[in-house]
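Remarks on the structure that follows.
As the structure is a computational prediction, the values presented were derived from the model and not from experiment.
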Amino acid sequence: MASSRPALIALTALAPVSWGTTYAVTTEFLPADRPLFTGLMRALPAGLLLLALARVLPRGAWWWKSAVLGALNIGAFFPLLFLSAYRLPGGMAAVVGSAGPLFVAGLAALLLGQRPAPRTLLTGAVAAFGVSLVVLRAAGALDALGLLAALAATVSMSAGTVLTQRWGRPAGAGPLALTGWQLTAGGLLIAPLAFLVEGAPPALDGRAAGGYLYLAVANTAVAYWLWFRGIGRLTATQVTFLGPLSPLTAAVVGWAALGQALTPVQLVGMGLAFGATVAGQIGARPTPPRQVAAAVRKRAERPGHPPLPLDALGADREPFPVRRASTGERSARAGWGVVNKPGARP
């Protein structure tokens, strides 16, 4: 497992690297001023494609869990991100988004029992500072609505990341199915908003069709599958520290493909952000599902807290990955997933 961890981190990192190409593809290939339609074309076709490949639908509580995760990671995140990018100057949305590791560290402590180390908080601050040097430009006063949208987008994605790890996935459903559920739910949430705000879809030429095809398949279906796969096997904080690779990739693509210059200050910022990304991967180990459930149960047993249903502890989820064993064998393993069966008392 140890030898495969660098490969797992590298594969997960391909997701934010792919997302870093979104700006160049959007400006060079897609119709202007259609952010919601672009979000819809990213999410819904990708989700339906993955559903067709996985051939697994949610069951029971996973209908509403998929809707919640789809709203946080896709349906709310995409519109808020585009709104902030349109209303904030000079990459400010990327700077706010780079604070994601700090939000995830706080939410992971609250929901997963993963207390953030001082090194994690310091590394998160360095990553945000490095990204700010890369993308921030001098501009006028900040737009309050844009700033709130950027903060809401960051909190939404952070909450989705932490809940994805806390809930895991149900037995019989792999990362492909889980990703398909979320993208489809998020796309269905964006669809009515896109038609109400932006009207009928624009006419597409071959160039735009190719851009949307890239966004739907490589930039969304494959990238989010890698992202949620990584969330299931790494810590939430560890995964979100890969996020700064997105604005760094955007800066490199802008320099290589669009002729945008990189200043010495930007190069220093890229070094700081990349160093923080690497540092965020060192020494972290995922919290076993049993420990996550124990932390949630302990918090629920405090005075004034109502008892939690078994499903809230993640007892219906599939641990990552385990050999099928008897109930006695699983009960003896302190480091593996929750062994209570649905219907049993915790």
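- Within the 3.5 Å criterion, the main-chain N or O of Ala153 finds no donor-acceptor partner in the side chain of Ser156.
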### Task
Test Phe228 against Val239 for side-chain contact (heavy atoms from CB on, under 4.5 Å), laying out the working first.
CA-CA 9 Å; Phe228 291 131; Val239 171; over 6 Å; no
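- Residues Leu234 and Leu245 fall within the same hydrophobic cluster, defined by Ile, Leu, Val, Met, Phe, Trp and Tyr side chains chained together at heavy-atom separations under 4.5 Å.
- Side-chain contact between Leu40 and Phe195 is present, with heavy atoms from C-beta onward closer than 4.5 Å.
- By the 4.5 Å heavy-atom criterion applied to side chains, Arg42 and Thr22 are counted as neighbours.
- To the nearest 0.5 Å, atom CG of residue Leu36 and atom CD of residue Glu198 are 4.0 Å apart.
- Counting heavy atoms from C-beta outward, Met270 and Val252 have side chains that approach closer than 4.5 Å.
- Two residues are said to be in side-chain contact when any heavy atoms from C-beta on lie closer than 4.5 Å; Trp181 and Val56 meet this criterion.
- The shortest distance between side-chain heavy atoms of Leu178 and Trp225 does not fall below 4.5 Å.
- Side-chain atoms of Trp19 come within 3.5 Å of backbone atoms of Asn219 as a donor-acceptor pair (strictly under, hydrogens ignored).
- A donor-acceptor contact shorter than 3.5 Å is absent between the side chain of Trp63 and the backbone of Leu57.
- Residues Met41 and Leu193 do not share a hydrophobic cluster, defined by chaining ILVMFWY side chains whose heavy atoms lie under 4.5 Å apart.
- Annotation: ring-ring contact (aromatic ring centres under 6.0 Å, His included) contacts of Phe78 (sequence neighbours excluded): none.
- The backbone N or O of Ala279 sits less than 3.5 Å from a side-chain atom of Arg119, completing a donor-acceptor pair.
- Thr26 pairs by the side chain to side chain donor-acceptor pair (under 3.5 Å) definition with nothing, not counting sequence neighbours.
- Phe241 and Leu121 end up in different hydrophobic clusters when Ile, Leu, Val, Met, Phe, Trp and Tyr side chains are linked at under 4.5 Å.
- At least one side-chain heavy atom of Thr161 sits under 4.5 Å from a side-chain heavy atom of Trp227.
- When all heavy atoms are compared, the tightest approach of Ala216 to Ala46 is O-CB, 3.2 Å.
- Judged by distance alone, with hydrogens and angles left aside, the side-chain atoms of Ser18 form no donor-acceptor pair with the main-chain N or O of Leu14 at under 3.5 Å.
- The two residues Ala276 and Val126 come nearest to each other via the heavy atoms CB-CG1, 4.2 Å.
- The heavy-atom pair separating Leu204 from Pro31 by the smallest distance is CD2-CG, 4.0 Å.
- Heavy atoms of other residues, nucleotides or ligands lying less than 6.0 angstrom from OH of Tyr23 number 12 at most.
- Here the CZ atom belonging to Phe274 is positioned 8.5 Å from the CG atom belonging to Leu248, to the nearest 0.5 angstrom.
- Rounding to the nearest 0.5 angstrom, the gap separating the CG atom in Leu242 from the OG1 atom in Thr12 is 6.5 Å.
- Among the candidates Asn73, Leu107, Leu72, the single residue satisfying the side-chain contact (heavy atoms from CB on, under 4.5 Å) test with Ser158 is Leu107.
- In plain terms, the two heavy atoms of Thr277 and Pro244 that are nearest each other are OG1-CB, 3.9 Å.
- Inter-residue side-chain proximity for Arg5 and Gln238 is flagged as met; some heavy-atom pair is nearer than 4.5 Å.
- Between Trp167 and Trp64, the ring planes lie perpendicular to each other; the angle is over 60°, past the 30° to 60° tilted range.
- Tyr214 and Phe29 fall within the same hydrophobic cluster, where Ile, Leu, Val, Met, Phe, Trp and Tyr residues are linked whenever their side-chain heavy atoms come under 4.5 Å apart, directly or through other members.
- A pairwise comparison of heavy atoms in Arg229 and Leu8 identifies NH1-CD1, 3.5 Å as the closest pair.
- At least one side-chain heavy atom of Leu69 sits less than 4.5 Å from a side-chain heavy atom of Trp62.
- Both Leu226 and Met157 are members of a single hydrophobic cluster when ILVMFWY side chains are connected at heavy-atom separations under 4.5 Å.
- One distance of note links CG of Leu183 with OH of Tyr224; it measures 7.5 Å at 0.5 Å rounding.
- Counting all heavy atoms, side chain and backbone alike, Ala149 lies closest to Leu83 at CB-CD2, 3.8 Å.
- Residues that satisfy the side chain to side chain contact (heavy atoms under 4.5 Å, CB included) test with Ala71, not counting sequence neighbours, are Leu189.
- In terms of modelled atom types and a separation under 3.5 Å, the side chain of Thr220 and the main chain of Val217 share no donor-acceptor contact.
- Looking only at distances, no side-chain donor or acceptor of Ser246 sits under 3.5 Å from a matching main-chain atom of Val17.
- Without hydrogens or angle criteria, Glu28 side chain to Gly211 main chain gives no donor-acceptor distance under 3.5 Å.
- The CG atom of Leu49 lies 11.5 Å from the OG1 atom of Thr179; values are rounded to the nearest 0.5 Å.
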#### Entry: side-chain contact (heavy atoms from CB on, under 4.5 Å) evaluation trace for Leu215 with Leu30
CA-CA 10 Å; Leu215 289 182; Leu30 304 184; 3.4 Å; yes
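- Separating the CZ atom in Arg166 from the CD1 atom in Ile231 is a distance of 15.0 Å, to the nearest 0.5 Å.
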### Task
Mind running side-chain contact (heavy atoms from CB on, under 4.5 Å) on Gln182 and Thr164 for me, showing each step along the way?
CA-CA 10 Å; Gln182 295 189 47; Thr164 298; 4.1 Å; yes
